[in-house]
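Owing to the predicted nature of the structure, the values given are computational and were not obtained by experimental measurement. Every number for a ligand or one of its atoms is a count from 1 in the order of the listing.
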Amino acid sequence: MDLRALPSVDRLLADAGPLIAAHGRAVVTDALRAELAEIRTSRPDPLPDAPSILAAAEARLTRQARSKLRPVLNLTGTVLHTNLGRALLAEAAVEAATAAMRAPAALEYDLDSGGRGERDSHLRGLLCELTGAEDATVVNNNAAAVLIVLNTLARGREAVVSRGELIEIGGAFRMPAIMEQAGCTLREVGTTNRTHARDYRQAIGPETGLLMKVHTSNYRIEGFTAEVSAPELAAIAHEAGLPLVNDLGSGTLVDLRRWGLAPEPTVAEAVAEGADVVTFSGDKLLGGPQAGFIVGRREIIAAINRNPLKRALRLDKIRIAATEATLRLYRDPDRLAERLPTLRLLSRPQAQIRAQADRLAAPVAKALGCTVSVVDCASQIGSGALPTDTIPSAGLALTPNPEALADGLRGLGTPIIGRIHDGALILDLRCLADDAALLDALT
Ligand SMILES: *Cc1c(COP(=O)(O)O)cnc(C)c1O
């Protein structure tokens, strides 16, 4: 074999017009060099001709051009899947975000006076209206909200928390670690399963900066348990002249029972129960973009806004626009489930999902050449909301070789993500908006 017979890069580039138009000359040149280098190493016999080298370079460029962040079909059954990006935005929020990206926006500009405006002003009114709080501010996510609240109210002092609420949310978010970063000392009280009012009272001293209640988002302590209710804890805090911070985690702005779901504490309840500050996430049950909301007493919110960390943790205009549009939807709860994807998906009745599974079983079996049966399954809200409650759902069980099937579906142009359970690959159809999305991904 004579490697000198290989075409030169220049020769190949002369025939690569369409590729260059699609990807640009620089990366096409790199791709051709990479193909030629591989051929020189592997010395295939016979040597590929120019058209096949160009085709191989094209395949390489197509692979490179495909974003790893591309859309996937979430058929895991977990509606707010943290690793798949949590909440899907409402159309109104997508439009508002797009508009904010395309044109200048009056982000910190007061259109009435022509003077400087305030970034948070776009959300403050809505947040106060929807939660009953005096004031509100917004940061990057709820972890940031907890960080800045602790840093503002208890830096160099103690934050009193029940041992039953020292949560780890996942990744590096552990309540004790956040306390340390915020510069305050964690003062644990009670035991894992039982904490009493007297435990808090005994812990309060000259070093205390605040009392904190944390929603035990991703676990439940059951059996012989006791916790101090938020109103009682607020009374204990206020007797001592201290603020009560309530980290709700997911939080929700509406009573989910209206849509047949188990209740999560609402932000308005937490405010009414006497918390001075309440923190919650934008992209969990609320169904908006990633954000961390801080609502509560006016002077505390003002102090948080003066903290230099606020600038480091603030939201950009794109998310402010999307958040405002999302919050606005809550002013009309009657149409919320139609408009807010998170609620729409969570409230889909099992019968409707089963009917969808019945329609899709045969075409999916045909496309994949495997055995497909319709099964009942259980969806989860995800992101730490109602961890022990599941929602009856339905889907497709694919066999045999569920691992190989899962690998194959993950490798598609639009990857399909299911979950392996009991020797089958389960595709929970709760989050499949329309049949065509699945069938298109399979062809
Ligand atoms: C999810 C959660 C957080 C972290 O919120 P992010 O928005 O993910 O940063 C903090 N506290 C609790 C109780 C949570 O459930």
Side-chain angles (χ1 to χ4, degrees), residues 78-89 123 127 136-151 153-154 159 161-182 184 186 195 210-221 227 230 233 244-253 256 262-267 269-271 273 275 277-296 304 309-310 312-316 319-320 322-323 326-327 342 380-389:
T78 300
V79 177
L80 296 168
H81 199 298
T82 295
N83 300 350
L84 299 180
R86 291 193 183 159
L88 307 181
L89 297 197
L123 303 176
L127 281 168
T137 188
V138 201
V139 288
N140 179 59
N141 59 11
N142 190 36
V146 173
L147 178 73
I148 196 171
V149 166
L150 291 171
N151 182 264
L153 297 177
V161 190
S162 160
R163 288 199 169 88
E165 298 175 358
L166 291 176
I167 54 169
E168 170 177 316
I169 298 295
F173 188 89
R174 289 177 153 192
M175 203 41 87
I178 294 283
M179 294 254 171
E180 196 183 318
Q181 284 301 319
C184 54
L186 169 63
T195 304
L210 57 83
L211 266 54
M212 183 161 190
K213 190 159 184 64
V214 185
H215 185 52
T216 57
S217 308
N218 45 12
Y219 66 99
R220 287 272 179 280
I221 295 179
E227 68 171 316
L233 203 52
L244 172 67
V245 175
N246 192 344
D247 175 21
L248 282 184
S250 194
T252 166
L253 295 173
L256 296 172
E264 266 279 300
T266 68
V267 181
E269 277 160 17
V271 169
E273 285 168 355
V277 187
V278 181
T279 60
F280 54 104
S281 283
D283 56 355
K284 292 184 179 173
L285 275 173
L286 194 138
Q290 180 187 302
F293 298 104
I294 307 170
V295 303
I304 289 167
L309 273 178
K310 175 69 197 304
L313 301 175
R314 73 184 187 184
L315 280 197
D316 62 282
R319 284 192 285 157
I320 289 179
T323 303
T326 306
L327 291 174
T342 298
Q380 287 187 323
I381 297 183
S383 289
L386 301 166
T388 50
D389 290 281

What part of Q290, side chain from CB on, backbone N/CA/C/O, both or neither, has a heavy atom under 4.0 Å from ligand 1?
neither

Where does K213 meet ligand 1, judged by heavy-atom distances below 4.0 Å: at the side chain, the backbone, both, or neither?
neither

Any N/O pair [X]/ligand 1 closer than 3.5 Å:
{"X": "N142", "value": "yes"}
{"X": "H215", "value": "no"}
{"X": "A143", "value": "yes"}
{"X": "S383", "value": "no"}

Taking the non-hydrogen atoms of E165, is any one of them nearer than 4.0 angstrom to ligand 1?
no

Among the heavy atoms of V146, does any lie under 4.0 Å from an atom of ligand 1?
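The answer is no: ligand 1 sits nowhere under 4.0 Å from a heavy atom of V146.
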
Separation between [atom1] of [X] and [atom2] of [Y], rounded to the nearest 0.5 Å:
{"X": "L309", "Y": "Q181", "atom1": "CG", "atom2": "CD", "answer": "10.0 Å"}
{"X": "K213", "Y": "L244", "atom1": "NZ", "atom2": "CG", "answer": "8.5 Å"}
{"X": "K310", "Y": "I304", "atom1": "NZ", "atom2": "CD1", "answer": "9.0 Å"}
{"X": "L127", "Y": "F280", "atom1": "CG", "atom2": "CZ", "answer": "5.5 Å"}
{"X": "T342", "Y": "D283", "atom1": "OG1", "atom2": "CG", "answer": "9.0 Å"}

With a 4.5 Å cut-off on side-chain heavy atoms, are L286 and T323 touching?
no

Is there side-chain contact between L186 and M175, with heavy atoms separated by less than 4.5 Å?
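Sidechains of M175 and L186: no contact.
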
Test of understanding: with side-chain hydrogen bond (donor to acceptor under 3.5 Å, both in side chains), list the residues that count as partners of N140, not counting sequence neighbours.
Q290, R319

Element-labelled atoms of ligand 1 that are located less than 4.0 Å from some non-hydrogen atom of [X]:
{"X": "K284", "value": "1 (C), 2 (C), 3 (C), 5 (O), 14 (C), 15 (O)"}
{"X": "R86", "value": "6 (P), 7 (O), 8 (O)"}
{"X": "S281", "value": "5 (O), 6 (P), 7 (O)"}

